[in-house]
A.B. asks: 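This is the structure I have questions about; it appears just below.
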Amino acid sequence: MTDWKELESQLATRLSMSHRPVAIAFLDAPPAGVPKFSGSEPAGCSFWRLAAAGRTFYTVAADHFNCAVGAYTHSIQLPPARVQETEATLGMMFNLGYFCPEEVPGIPRLPKEPAAIVFAPLGQLPSRRV
């Protein structure tokens with residue numbers, strides 16, 4: 001079994017990190033003993049910030065609806081009224097030169113939508129299966 005606390009300590013020491021490393025686990029079911037996220041965030045990346053600040057929680061698909069590209073990479077289906085947001089966001093990123101349309105097929109995606117996503121400081125990652 002991985003000693004997450006020790007791994008966090010080694011990373012923080014060797015890399016002189018100013019923020020805690022974050023663990024993210026994609027699960028087929030909500031984890032027992034981990035609180036569900038409540039509230040809203042503007043983007044999926046915001047969950048990393050919360051975990052780096054010390055919070056451990058899990059999210060469900062609806063928590064990621066504010067981030068069309070994050071929903072895309074996590075294979076999360078947006079509600080029908082918001083499906084066009086992915087294309088609009090990608091178009092804006094193309095116009096800004098962030099990346100090119102030809103690169104979209106190479107964007108990594110999860111093979112299926114997770115039922116739950118755990119975010120935690122690495123040293124606090126729950127030990128069961130995640």
A.B. asks: What's the verdict on side-chain contact (heavy atoms from CB on, under 4.5 Å) for Arg82 and Asn66, showing C-alpha distance, side-chain angles and the deciding distance?
C.D. replies: CA-CA 9 Å; Arg82 298 185 76 173; Asn66 288 336; 3.2 Å; yes
A.B. asks: Could you tell me if Arg109 sits above the aromatic ring of Tyr72, with its cationic atom closer than 6.0 Å to the ring centre and no more than 45 degrees from the axis?
C.D. replies: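 Yes, a cation-pi geometry holds between Arg109 and Tyr72.
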A.B. asks: Should we count CZ of Phe99 as having more than 12 external heavy atoms under 6.0 Å?
C.D. replies: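 Atom CZ in Phe99 is crowded, with more than 12 foreign heavy atoms closer than 6.0 Å.
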A.B. asks: Side-chain contact, heavy-atom cut-off 4.5 Å: Pro108 with Thr73?
C.D. replies: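 Heavy-atom side-chain distance check fails, nothing below 4.5 Å.
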A.B. asks: Step by step, work out the side-chain contact (heavy atoms from CB on, under 4.5 Å) result for Trp48 and Ile24.
C.D. replies: CA-CA 8 Å; Trp48 305 348; Ile24 301 171; 3.1 Å; yes
A.B. asks: Looking only at heavy atoms, what is the nearest atom pair of Gln84 and Ala81, with distance?
C.D. replies: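 Taking Gln84 first and Ala81 second, the nearest heavy atoms are OE1-O, 3.0 Å.
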A.B. asks: What distance do Arg55 atom CZ and Phe119 atom CZ have between them, rounded to the nearest 0.5 Å?
C.D. replies: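 Going from CZ on Arg55 over to CZ on Phe119, the span is 11.5 Å.
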A.B. asks: Please report the closest heavy-atom contact between Ala29 and Ala116, naming both atoms and the distance.
C.D. replies: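 In this case the closest contact between Ala29 and Ala116 is O-CB, 3.8 Å.
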A.B. asks: Can you check whether Pro21 reaches Glu8 side chain to side chain, under 4.5 Å on heavy atoms?
C.D. replies: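 Result yes, sub-4.5 Å side-chain heavy-atom pair found.
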A.B. asks: Where is the tightest heavy-atom contact between Thr56 and Pro121, given as atom of each residue plus distance?
C.D. replies: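 Scanning both residues, the minimum pair turns out to be OG1-CD, 3.5 Å.
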A.B. asks: Heavy atoms only: give me the nearest Pro111-Ser75 pair and the separation to one decimal.
C.D. replies: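 Looking at all heavy atoms of both residues, the closest pair is C-OG, 4.4 Å.
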A.B. asks: Check for me, please, whether Leu110 and Ile107 land in the same ILVMFWY cluster - side-chain distances under 4.5 Å, paths through other members count.
C.D. replies: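 Each belongs to a different hydrophobic cluster.
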A.B. asks: Can you confirm if the aromatic rings of Phe37 and Tyr58 lie within a centre distance of less than 6.0 Å?
C.D. replies: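 Aromatic pair excluded; centres sit 6.0 Å or further apart.
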A.B. asks: For a quick test of reading the model, state the closest non-hydrogen atom pair linking Val34 to Pro126 and the distance between them.
C.D. replies: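 Taking every non-hydrogen atom into account, CG2-CG, 3.5 Å.
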A.B. asks: Just one of Ile117, Thr59, Val118 clears the side chain to side chain contact (heavy atoms under 4.5 Å, CB included) bar with Phe47, so which one?
C.D. replies: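 The single option meeting the side chain to side chain contact (heavy atoms under 4.5 Å, CB included) with Phe47 is Thr59.
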A.B. asks: About how many Å separate CG of Leu125 and NZ of Lys5, when rounded to the nearest 0.5 Å?
C.D. replies: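 If we round to the nearest 0.5 Å, Lys5:NZ and Leu125:CG are 11.5 Å apart.
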A.B. asks: How many angstroms lie between CG in Leu78 and NE2 in His64, if you round to the nearest 0.5 Å?
C.D. replies: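 Rounded to the nearest 0.5 Å, the CG-NE2 separation comes out at 11.5 Å.
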A.B. asks: Give a yes or no on whether Lys36 atom NZ has more than 12 heavy-atom contacts from other residues, nucleotides or ligands under 6.0 Å away.
C.D. replies: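 Result for NZ/Lys36: enclosed.
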A.B. asks: Report whether Leu90 and Val83 are members of the same hydrophobic cluster (ILVMFWY, side-chain heavy atoms less than 4.5 Å apart, transitive linking).
C.D. replies: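 Not linked; separate clusters.
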A.B. asks: CG/Leu50 to CD/Glu41 distance, rounded to the nearest 0.5 angstrom?
C.D. replies: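 Reported to 0.5 Å precision, the distance equals 4.5 Å.
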A.B. asks: About how many Å separate CD of Glu113 and CD of Gln77, when rounded to the nearest 0.5 Å?
C.D. replies: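 Those atoms lie 6.5 Å apart.
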A.B. asks: Within this structure, what is the CZ-OG distance for the pair Phe65 and Ser40, rounded to the nearest 0.5 Å?
C.D. replies: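 Spacing of CZ (Phe65) from OG (Ser40) equals 13.0 Å.
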A.B. asks: Shared ILVMFWY cluster between Val69 and Phe94, side chains joined below 4.5 angstrom?
C.D. replies: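 Yes, Val69 connects to Phe94 through the hydrophobic network.
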